[in-house]
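All heavy atoms count here, side chains included; hydrogens, waters and symmetry mates do not. Quick caveat, the model's predicted, so the values are computed rather than measured.
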Amino acid sequence: MKYRSDFLNILSERGFIHQCSDFEGLDKKLSEGVQSAYIGFDATAKSLHIGNLTGIMMLKWFQETGHKPITLMGGGTSKVGDPSFKDQTRNMMTDDIIRDNMENIRTTCFTQFLNYGNGATDAMMVNNDDWLSKLHYLDFIRDVGRYFTVNKMISYDSVKTRLERESPLTFLEFNYMIMQGYDFLELYRRHGTILQMGGSDQWGNIINGVDLGHKADQVQLYALTAPLLLNSAGEKMGKTVNGAVWLNKAMLSAYDYWQYFRNVDDADVANLLARFTMLPMTEVKRLAALQGSEINEAKKILAHEATKLCHGEAAALDAAATAQKVFEQGGVGGDLPSIDVPRATLEAGISVLDLFVQAGLAASKGEAKRLIEGGGAKCNDATITDIAATASANDLTKDGYIKLSAGKKRHALVKAA
């Protein structure tokens with residue numbers, strides 16, 4: 001489908017569109033001048049992960065096409081918990097933890113992708129705690145709660161799943177849907193925001209805001225969702241042996257981030273090039289059409305472009321250089337992940353099982369043991385055959401490290417502290 005607005009054309013071509021409340025109305029609105037749109041992000045960790053990257057890229061394209069993106073931080077809703085497709089109630093966090101998480105997310109996840117400032121199309125970061133914590137409960141229930149029916153709220157998949165599994169769904173969490181809908185109305189009132197975007201699992205919550213805007217203020221608001229990030233097998237992407245693929249380099253190095261994209265399945269290359277790079281679609285299609293060993297070149301370009309956006313071009317180049325040195329030349333790159341072990345510990349000797357876990361090359365000693373038994377564990381490029389093996393200061397190379405390898409693609413350095 002061809003749209004009048006550049007934004008919808010780009011999102012459509014790049015596979016970002018799953019549902020929209022009114023394509024025609026939104027397309028017309030986006031063609032009439034600068035508009036603002038937002039996506040909500042919870043502050044439950046010090047970083048976002050690549051599952052959030054789809055939303056960030058949607059906001060980036062929104063800004064690139066001449067509009068104003070708003071990153072709404074759930075400083076208020078993070079205190080409550082989103083019941084969407086989860087079986088457990090979220091742990092409660094203090095205000096200090098939430099504020100710290102928000103600041104980390106702003107500086108390590110958003111500013112690489114979006115330009116913030118005071119201009120008409122500059123991005124803005126907003127905290128919903130600014131209005132949610134000031135609400136008077138009786139006034140809120142009377143003025144906002146009356147527009148929501150329990151009948152409709154329990155019809156959403158996010159709630160039905162919990163009820164069908166007989167998992168606890170607290171009244172506190174049930175209020176999340178009302179608060180998220182109110183966020184949309186509040187952003188419209190404060191900033192004229194007409195569009196909320198998010199993942200397809202947030203459709204019900206977003207529609208609540210559209211409905212509330214119509215009932216409370218008689219305004220037309222819009223909802224737009226993107227498909228969840230799934231691999232070709234239909235499984236959620238974004239996990240490594242050590243957990244999520246974080247955007248914050250303090251939680252996942254630029255090298256590991258580069259490696260994640262370098263090692264994706266061949267069938268996922270086209271989707272990730274379209275979603276997570278700024279390459280023209282003609283180039284995306286050319287790279288996606290490569291076959292056989294040539295697809296590896298497409299993966300390297302994907303890894304470079306994705307890492308450049310998140311961590312900068314210098315970090316992307318360093319990661320590529322390290323990978324080339326490690327995998328193509330058999331050496332050690334300076335960008336490899338490393339851990340420091342007290343020299344006294346190395347002098348006494350330490351189990352290689354412990355080292356593999358500490359280095360993040362295995363999730364547990366059991367996994368490290370299986371890695372050794374399968375012939376996939378190496379120390380200084382020599383295969384480890386004994387699960388009781390130890391490493392010591394004698395294994396330090398002249399450059400002062402011990403190189404550990406898990407298979408052909410994952411490596412880490414052990415250094416004496």
Side-chain angles (χ1 to χ4, degrees), residues 35-46 48 55 59 68-84 89-107 109-110 114 116-118 122-150 152-153 158 169-198 202 204-223:
Q35 305 295 337
S36 72
Y38 82 100
I39 294 179
F41 301 90
D42 279 330
T44 53
K46 291 182 182 295
L48 301 178
L59 290 174
K68 187 178 188 70
I70 295 177
T71 48
L72 175 68
M73 293 306 302
T77 43
S78 289
K79 300 175 184 178
V80 179
D82 180 1
S84 298
T89 301
R90 176 182 292 165
N91 293 328
M92 297 298 167
M93 298 183 298
T94 66
D95 288 346
D96 287 342
I97 291 174
I98 291 173
R99 280 193 295 268
D100 183 58
N101 287 347
M102 285 171 49
E103 179 60 20
N104 273 281
I105 289 171
R106 184 186 69 81
T107 57
C109 302
F110 289 148
L114 301 170
Y116 285 82
N118 298 316
D122 286 336
M124 175 190 302
M125 184 166 138
V126 180
N127 179 6
N128 67 7
D129 197 48
D130 291 345
W131 53 82
L132 291 180
S133 288
K134 297 175 182 176
L135 292 172
H136 295 286
Y137 185 71
L138 290 178
D139 292 339
F140 181 68
I141 292 298
R142 180 195 63 199
D143 297 339
V144 178
R146 64 193 177 100
Y147 294 119
F148 293 81
T149 67
V150 173
K152 187 171 183 180
M153 293 166 79
S158 57
L169 180 63
T170 67
F171 178 72
L172 186 67
E173 292 174 292
F174 213 68
N175 273 269
Y176 186 95
M177 287 182 280
I178 301 179
M179 288 188 288
Q180 185 167 334
Y182 183 71
D183 283 345
F184 200 170
L185 180 62
E186 190 70 27
L187 286 171
Y188 169 77
R189 289 172 174 176
R190 292 181 178 221
H191 306 292
T193 304
I194 55 103
L195 172 64
Q196 182 183 175
M197 301 184 290
Q202 290 295 314
N205 286 340
I206 298 174
I207 285 295
N208 277 336
V210 173
D211 291 342
L212 180 61
H214 178 71
K215 293 174 181 176
D217 283 20
Q218 295 75 53
V219 294
Q220 180 63 62
L221 304 178
Y222 301 92

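Taking CG from Leu135 and CG from Asp143, the interatomic distance works out to 9.5 Å, rounded to the nearest 0.5 Å. Atom CD of Gln196 sits about 9.5 Å away from atom CD1 of Ile207, to the nearest 0.5 Å. Annotation: the span from Asp129 atom CG to Leu132 atom CG amounts to 6.5 Å, rounded to 0.5 Å. Interatomic distance, Tyr38 OH to Leu72 CG, rounded to the nearest 0.5 Å: 6.0 Å.
Not one N or O on the side chain of Asp217 forms a donor-acceptor pair closer than 3.5 Å with the backbone of Val219. At distances below 3.5 Å, not a single donor-acceptor pair connects side-chain atoms of Asp100 with backbone N or O atoms of Asp96. A donor-acceptor pair is defined here as one N or O able to donate and one able to accept, closer than 3.5 Å; no such pair exists between the side chain of Asn205 and the backbone of Met177. Although no hydrogens or angles enter the test, the distance criterion places a donor-acceptor pair under 3.5 Å between the side chain of Arg146 and the main chain of Arg142. Formation of a donor-acceptor pair under 3.5 Å by the Lys46 side chain with backbone atoms of Asn101 is not found in this model.
Contacts of Phe110 classified as side-chain contact (heavy atoms from CB on, under 4.5 Å), with partners at least two apart in sequence or in another chain: Phe41, Leu48, Ile56, Thr71, Met73, Ile105, Tyr116, Met125. Partners of Glu186 under the side-chain hydrogen bond (donor to acceptor under 3.5 Å, both in side chains) rule, at least two apart in sequence or in another chain, are Tyr182, Arg190. With sequence neighbours excluded, no residue satisfies ring pair (Phe, Tyr, Trp, His ring centres under 6.0 Å) with Tyr222. Remark: Asp95 pairs with Lys79, Arg99 by the side-chain contact (heavy atoms from CB on, under 4.5 Å) rule, at least two apart or across chains. For Asp130, there are no salt bridge (charged side-chain N to carboxylate O under 4.0 Å, His left out) partners two or more places apart in sequence or in a different chain. The salt bridge (charged side-chain N to carboxylate O under 4.0 Å, His left out) search around Asp122 returns none, not counting sequence neighbours.
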Worked check of side-chain contact (heavy atoms from CB on, under 4.5 Å) between Tyr147 and Ile178 = CA-CA 9 Å; Tyr147 294 119; Ile178 301 179; over 6 Å; no
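No more than 12 heavy atoms of other residues, nucleotides or ligands sit less than 6.0 Å from atom NE2 of His214.
When Leu212, Ile206, Asn208, Thr77 are each tested for a side-chain contact (heavy atoms from CB on, under 4.5 Å) with Gln180, only one passes: Ile206.
Of all heavy-atom pairs spanning Ser78 and Ala43, the tightest one is OG-N, 2.8 Å.
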